[in-house]
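Step one of this worksheet: look at the structure below.
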Amino acid sequence: MREKILLIDGHSILNRAFYGLPDLTNAEGLHTNAIYGFLNILFKILEEEKPDYLTVAFDLHAPTFRHKQYEAYKGTRKPMPMELREQIPVMKDVLSAMGVTMITKEGYEADDLLGTVAKKSEEKGMDVTILSGDRDLLQLASSHICIRIPKTKGGKTTIEDYYENDVKEAYQLTPLQIIELKALMGDTADNIPGLPGVGEKTATKILLEYGTVENAKAHAEELKPNKAKTAFLEHYDLAVLSKELATICIDSPIEYDWEGAKIHNLYTPEAYEFFKELEFKNFLSRFEDTGEENKIEESFRYITDFTETEKIFERALEEPVVGIELLEEKGQILGLGLAWGEEETEVYSILPQGFVTEDYLIEKTQEFCQQGKLIASLNIKAMLRYMDLKSHNDMFDAGLAAYLLNPLKSEYTYDDIAKEFLGEMFPAKEDLLGKLSYIKAANEKEEELAKSVCYMAYTALKSRTSLLEALEKENMKELYTDMEMPLLFTLADMEKEGILVEAEALKEYGEKLQVRIEALEKEIWEQAGEEFNINSPKQLGVILFEKLELPGGKKTKTGYSTAADVLEKLAPEHKLVADILEYRQLTKLKSTYADGLANYIAEDGRIHSTFNQTITATGRISSTEPNLQNIPVRTELGRLLRKVFIPKDGFIFLDADYSQIELRVLAHMSGDEKLIQAYQEAQDIHRITASQVFHIPFDEVTPLQRRNAKAVNFGIVYGISSFGLSQDLSISRKEAAQYIESYFQTYPKIKGFLDGLVEEAKEKGYVSTLFHRRRPVPELKSSNFMQRSFGERVAMNSPIQGTAADIIKIAMIRVNKRLKEENLKSRLVLQVHDELLIETAKEEVEQVSAILEQEMKEAAHLSVALEIDMHTGENWYEAK
DNA sequence: CTCTTCACG
DNA sequence: ACGTACGTGAAGAGG
């Protein structure tokens, strides 16, 4: 068997990884994506080839290194970005910790070192693999030297392999002729001039004919394209120089010690520390005997026995604080985790089996939680779906706490929380269960499932102290304790309550839509002259813009835009377009709402949506499965759908929404006297804005002026930009800029306030609401203009949107509390950002109206009064 | 599994 | 010169 050696072009692979992977950072803010990508590909090749020797070559002067892909594209030279540069020394440290040999030499590039070692190794009878992102190295290929070039295509990495034959196949040239090729065509990225006017095609043709640059020169007079001929005659010195530059040195004066390059154990304890530091948890499983991870796992016990389960619950009663996690999916209980102990932690995972039924587990858990012990969990609301628990102060929700500390994450998993707040690297759900759902894992990977349940309970228990400390430090303890924790119980109540839906009426609504949809479909096909899928933007684009040649440019990356605002401009041109718009509206109503909602009607005839408390970046609540916060209202046809949402017998809907809460928040937070005064004086804020901004008497404001003022008001809240406003109002950017300018003149403190928010965000890295809720704004640090502008708008919008969200949360908690305390039958059923819907017992209407009005208006005391609009109705349509 | 579109505040 | 309004979730198409 021939021995194998793997040689790596260090900078080239790092560079490739850096540009190919999304930005990753560890807790200290160190960028890690290039290192991660490098290791990823290294491990992959090690597994494939199992080489005996390994060496990484680096250029000595990292800062002069040029990233070729970028240059080839831009044709310019840019310095290596800091984010990549800082990773190079760390990469070397990691390799060093893994015992990997690295070579560098003054006056020689990594290419030369690789070439030298490769040829020498080949002479010694080894198989050589060179890993590089750089095609220059192809000249080294032979029957025993393989050049491997990683390629990223659509997120997937494939590796192209080049032995001597592969080079011939791809270029019709021998590896050595690759040098000649470069000498002729040059390489801008490598600063090789080549011959003017000679590109890859011409160069290849010449080499196929004459073999070498020198021989071609000898026959210069015969050379085919005239350009090539003159190039050879007039600039031959360039070709000679280029050839020299392109040639990789294969006898650099280095002393290479094969023995030292032998691969022993890469997974050393030192390397483990680095990997932990860099947070490469996917790689940690490669380290076997570090023992650390296992120490925690050693305390895990998996239980299915009834008597033992009873004992564990009894034992838990002796503990002051218990981590608890009820794992459920789609209404099925899959496991219960319990954890306790300060120093010596005991962790149990109980899986339902035999006498330990799901119901029994729920009952025991509920009973246990009612003992008034300190309970820590990752998601208390999920647990509340299965049991009734009184809200009390001795409960800790790690998910909520982690959300407040960083609301930008999409989920708050035990492994993330453990990493950040315990400094522990746990295997994530996917590491243990792969892509299995919990239900599937319960059958196929029982032990791994039990293990993850243990990790959850452990993390909930152990992260409590550090999460609470962090909340305290960031001034969010009150927000957590007095707002988010109580709200969790309010939301759980709403989810359990659900909202009654008249299934029959919903079905009829859908059928009516269907009739019209089919008629429209026929008409559209007729007008188009063919049958096609109207729902496919791609097919529709072809029909409208190619077949019918309607005016309309490209707008999206993938083709023509057929969005409503584009089509609306075309509607007068062709009846077809108007029909398509109507078709779109109807199919949306049919599929998302008529059919969509019907799927969610439970056995009690009600829809129980989930209200998510840890999703939005600003602090709003979101609603899923189904989303009840986007039920149509803006068009009459859509609005009719709200008639199917009804109160139960003997009840009526009471609906209240805040009047322009965000603008009022803005008035308060900015302290602009003129805006505050405007609110004190007038009912119609958009009208008074128009009057003041356009300098017109209040009574003479035209509807158009009012509409424009309204758009400006919205724009201010969204983080104004003249472009955005101009789009919204279909006016020129200049006009939009003038509107904004006069708005700022009218309300002088607003601009200062908004600018202040951006400043604050730049300084601190985040903005805050009145109630100290935070929104980090990392985009402000971006070197990308668009990203940065986005960050500025976010900085302006989030405190306003977030404060409004805080206020209605307070109102919800108080309303819910009073309904219960005053022994009323009425219940909160929906929240739609600035609106609350209460299913109200008819005899309680007066009392509940008073509660709702009072608690909403007094949720916060701003320098502008909070006003609400309140209605009753026999369905949601009427109540709004 | 991503993109496009569209429903809401 | 860049190319957008802020915050969400669901459905359908097409890779």
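So that the names make sense, note that chain A is the first sequence line, chain B the second, and so on, each numbered from 1. Worth knowing before you read on, the calculation uses all heavy atoms, side chains too, and leaves out hydrogens, waters and symmetry mates.
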Looking at C/dG7, does its base get a donor-acceptor pair with the side chain of A/Arg775 below 3.5 Å?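 It does not, because no donor-acceptor pair links the side chain of A/Arg775 to the base of C/dG7 below 3.5 Å.
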Among residues 653-660 of chain A, which ones have heavy-atom contacts with DNA chain B below 4.0 Å?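 DNA chain B contact set from residues 653-660 of chain A: none.
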Just to be sure I understand the geometry, which residues of residues 785-796 of chain A put a non-hydrogen atom under 4.0 Å away from DNA chain B?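 Output list: empty, so none.
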Within the distance-only criterion (no hydrogens, no angle test), does the side chain of A/Tyr438 pair as donor or acceptor with the backbone N or O of A/Lys330 below 3.5 angstrom?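 No, because the side chain of A/Tyr438 does not come within donor-acceptor range (under 3.5 Å) of the backbone of A/Lys330.
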Any donor and acceptor pair, going by atom type alone, linking the side chain of A/Arg642 with main-chain N or O of A/Ile631 inside 3.5 Å?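 Checking the backbone N and O of A/Ile631 against the side chain of A/Arg642, a donor-acceptor pair under 3.5 Å is found.
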Does this structure show an ion pair linking A/Lys809 with A/Glu484, if we count only N-O contacts that are shorter than 4.0 Å?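 Yes.
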State plainly whether the residues A/Glu518 and A/Lys590 are in salt-bridge range, i.e. N to O under 4.0 Å.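 No.
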[X]: partners by side-chain hydrogen bond (donor to acceptor under 3.5 Å, both in side chains), with sequence neighbours left out:
{"X": "A/Glu878", "value": "none"}
{"X": "A/Asp655", "value": "A/Trp876"}
{"X": "A/Glu735", "value": "A/Ser732"}

Could you give the [atom1]-to-[atom2] distance, from [X] to [N], as a whole number of Å?
{"X": "A/Leu567", "N": "B/dT4", "atom1": "CG", "atom2": "C1'", "result": "12 Å"}
{"X": "A/Asn797", "N": "C/dT8", "atom1": "CG", "atom2": "P", "result": "10 Å"}
{"X": "A/Asn713", "N": "C/dC6", "atom1": "CG", "atom2": "P", "result": "18 Å"}
{"X": "A/Leu729", "N": "C/dT4", "atom1": "CG", "atom2": "C1'", "result": "15 Å"}
{"X": "A/Lys590", "N": "B/dA7", "atom1": "NZ", "atom2": "P", "result": "16 Å"}
{"X": "A/Asp806", "N": "B/dG9", "atom1": "CG", "atom2": "C1'", "result": "16 Å"}
{"X": "A/Glu835", "N": "C/dG7", "atom1": "CD", "atom2": "P", "result": "22 Å"}
{"X": "A/Gln831", "N": "B/dC8", "atom1": "CD", "atom2": "C1'", "result": "12 Å"}

Touch check for [X], heavy atoms < 4.0 angstrom, all strands: base, sugar-phosphate only, or nothing?
{"X": "A/Gln727", "answer": "nothing"}
{"X": "A/Asp834", "answer": "sugar-phosphate"}
{"X": "A/Thr562", "answer": "sugar-phosphate"}
{"X": "A/Arg584", "answer": "sugar-phosphate"}
{"X": "A/Val717", "answer": "nothing"}
{"X": "A/Ala617", "answer": "sugar-phosphate"}
{"X": "A/Gly719", "answer": "nothing"}

Under a 4.0 Å heavy-atom criterion, the protein footprint on nucleotides 9-15 of chain C, written with B, S and -, is BSSSSSS
Between A/Phe645 and A/Tyr877, does the ring centroid distance fall short of 6.0 Å?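 Ring centroids of A/Phe645 and A/Tyr877 are no less than 6.0 Å from each other.
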Hey, would you say the A/Tyr743 and A/Tyr747 ring centroids sit under 6.0 Å apart?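 Aromatic pair counts; centres sit under 6.0 Å.
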Is the distance from OP1 or OP2 of C/dT8 to the nearest side-chain N or O of A/Thr618 less than 4.0 Å?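 For C/dT8, OP1/OP2 do not have a side-chain N/O of A/Thr618 under 4.0 Å.
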A/Arg620 side-chain N/O to B/dG9 phosphate OP1/OP2 under 4.0 Å: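 Result: no.
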Nearest 0.5 angstrom please: A/Leu837 CG to A/Leu852 CG, how far?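 With rounding to 0.5 Å, CG (A/Leu837) is 9.5 Å from CG (A/Leu852).
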What nucleotide, of [options], holds the atom closest to the side chain of [X]?
{"X": "A/Tyr718", "options": "B/dC8, C/dG7, C/dC6", "value": "C/dC6"}
{"X": "A/Ala564", "options": "B/dC6, C/dT4, B/dG9", "value": "B/dC6"}
{"X": "A/Lys880", "options": "B/dG9, B/dT5, C/dG7", "value": "B/dG9"}

In chain order, what residues pass the salt bridge (charged side-chain N to carboxylate O under 4.0 Å, His left out) check against [X], with sequence neighbours excluded?
{"X": "A/Arg774", "result": "A/Glu474"}
{"X": "A/Asp869", "result": "none"}
{"X": "A/Glu835", "result": "A/Lys880"}

Can you classify the ring geometry of A/Tyr412 versus A/Tyr403 as parallel (below 30°), tilted (30 to 60°) or perpendicular (above 60°)?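 Taking A/Tyr403 first and then A/Tyr412, their aromatic rings stand perpendicular (interplane angle over 60°).
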Secondary structure of DNA chain C in dot-bracket form (Watson-Crick or G-U wobble, distances below 3.5 Å, | marking inter-strand pairs): .....|||||||||.
Nearest-angstrom distance, P atom, B/dC3 to C/dT4: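 The answer is 14 Å between these two P atoms.
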Rounding to an integer number of angstrom, what distance separates B/dC6 and C/dA5 when you compare their P atoms?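 The same atom, P, in both gives a distance of 14 Å.
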Please enumerate all residues that pass side-chain contact (heavy atoms from CB on, under 4.5 Å) together with A/Glu497, with sequence neighbours excluded.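 Checked A/Glu497 against side-chain contact (heavy atoms from CB on, under 4.5 Å); matches are A/Arg606, A/Lys648, A/Arg827, A/Val829, A/Glu839.
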Partners meeting side-chain contact (heavy atoms from CB on, under 4.5 Å) with A/Asp755 (sequence neighbours left out):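 Once residues adjacent in sequence are excluded, the partners of A/Asp755 under the side-chain contact (heavy atoms from CB on, under 4.5 Å) criterion are A/Lys751.
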